[in-house]
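Working notes, structure below.
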Amino acid sequence: HESVKVEGRVGQLKSNLLHFTCDSLSEHLKTMDRYTTLAAQELVAHKQRIGWRQLILDPPWTFFRTYVLQWGFLDGFEGLTIAYMGALYAFVKYAKARNMS
């Protein structure tokens with residue numbers, strides 16, 4: 001566990017901090033393609049068996065967890081998009097790993 005040293009004043013933000021990691025959906029899909037390949041390679045390197053459970057059950061579970069349990073529905077269309085992209089990420093990662101095995 002690392003600690004952080006702060007020089008200067010520490011306070012609280014008065015409004016939300018908006019964090020945009022990508023400029024467009026297209027850019028996000030390119031990033032997701034790269035990361036799913038890396039994640040699949042890691043699964044294969046650790047000799048994890050990828051069965052139908054991961055391909056069929058993990059994506060809907062990821063969507064449900066993100067959209068419902070983490071209250072993504074409160075974010076409207078953006079929350080729906082994030083939940084869907086999370087589910088797609090899970091499916092593509094496992095599909096790539098199966099294909100690499």
Side-chain angles (χ1 to χ4, degrees):
H1 221 288
E2 291 186 37
S3 61
V4 176
K5 275 188 156 180
V6 177
E7 292 183 21
R9 202 175 69 126
V10 177
Q12 294 204 345
L13 295 174
K14 293 185 171 117
S15 61
N16 291 335
L17 175 64
L18 302 177
H19 179 212
F20 298 104
T21 58
C22 296
D23 292 330
S24 67
L25 183 57
S26 177
E27 184 182 336
H28 184 72
L29 288 170
K30 287 178 191 172
T31 301
M32 189 173 79
D33 182 43
R34 190 170 69 249
Y35 286 165
T36 54
T37 298
L38 293 171
Q41 289 170 340
E42 180 123 346
L43 290 171
V44 171
H46 287 93
K47 299 187 184 333
Q48 288 197 298
R49 187 179 173 283
I50 308 301
W52 292 105
R53 184 189 74 74
Q54 285 88 355
L55 285 168
I56 294 173
L57 298 179
D58 280 8
W61 167 248
T62 299
F63 179 88
F64 178 78
R65 186 182 69 234
T66 305
Y67 195 65
V68 177
L69 300 181
Q70 295 176 343
W71 298 17
F73 62 90
L74 294 178
D75 294 323
F77 181 72
E78 288 80 5
L80 179 66
T81 303
I82 289 168
Y84 177 78
M85 295 296 284
L88 181 62
Y89 177 94
F91 177 79
V92 171
K93 171 182 71 174
Y94 291 127
K96 284 181 178 182
R98 268 186 75 94
N99 195 41
M100 289 175 188
S101 297

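Note that these values count all heavy atoms, side chains included, but never hydrogens, waters or copies made by symmetry. Because the structure is a prediction, the values reported are computed rather than measured.
When the side chains of ILVMFWY residues are joined at heavy-atom separations under 4.5 Å, either directly or via intervening members, Leu13 and Leu18 end up in two distinct hydrophobic clusters.
The number of heavy-atom neighbours closer than 6.0 Å to OH of Tyr35, taken from other residues, nucleotides and ligands shown, is 12 or below. Residue-environment remark: CZ (Arg34) exceeds the threshold of 12 foreign heavy atoms within 6.0 Å.
Here the straight-line distance linking atom CZ of Phe63 with atom CG of Leu69 works out to 11.5 Å at 0.5 Å rounding. From Leu43, atom CG reaches atom CD1 of Ile50 across 4.5 Å, with rounding to the nearest 0.5 Å. With values rounded to the nearest 0.5 angstrom, Thr66 atom OG1 is found 11.0 Å from Leu80 atom CG. Lys14 contributes atom NZ, which lies 10.5 Å from atom CD of Gln12 (distance to the nearest 0.5 angstrom). Atom CD of Gln48 and atom CD of Glu42 lie 8.5 Å apart (nearest 0.5 Å). Considering NE2 of His46 and CD of Gln41, their distance stands at 12.5 Å, rounded to 0.5 Å.
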Do any side-chain atoms of residues 24-32 form donor-acceptor pairs under 3.5 angstrom with protein atoms, and if so which ones, sequence neighbours left out?
unit_1: Ser24; atom_1: OG; unit_2: Glu27; atom_2: N; d: 3.0
unit_1: Glu27; atom_1: OE1; unit_2: Asp23; atom_2: N; d: 3.1
unit_1: Thr31; atom_1: OG1; unit_2: Glu27; atom_2: O; d: 3.1

With a cut-off of 3.5 Å and sequence neighbours excluded, list every side-chain donor-acceptor pair involving residues 84-96.
unit_1: Tyr94; atom_1: OH; unit_2: Asp58; atom_2: OD2; d: 3.2
unit_1: Lys96; atom_1: NZ; unit_2: Asp33; atom_2: O; d: 2.9
unit_1: Lys96; atom_1: NZ; unit_2: Asp33; atom_2: OD1; d: 2.6
unit_1: Lys96; atom_1: NZ; unit_2: Thr36; atom_2: OG1; d: 2.8
unit_1: Lys96; atom_1: NZ; unit_2: Thr37; atom_2: OG1; d: 2.8

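Across all their heavy atoms, Ser101 and Val44 have their closest contact at OG-CG2, 3.9 Å.
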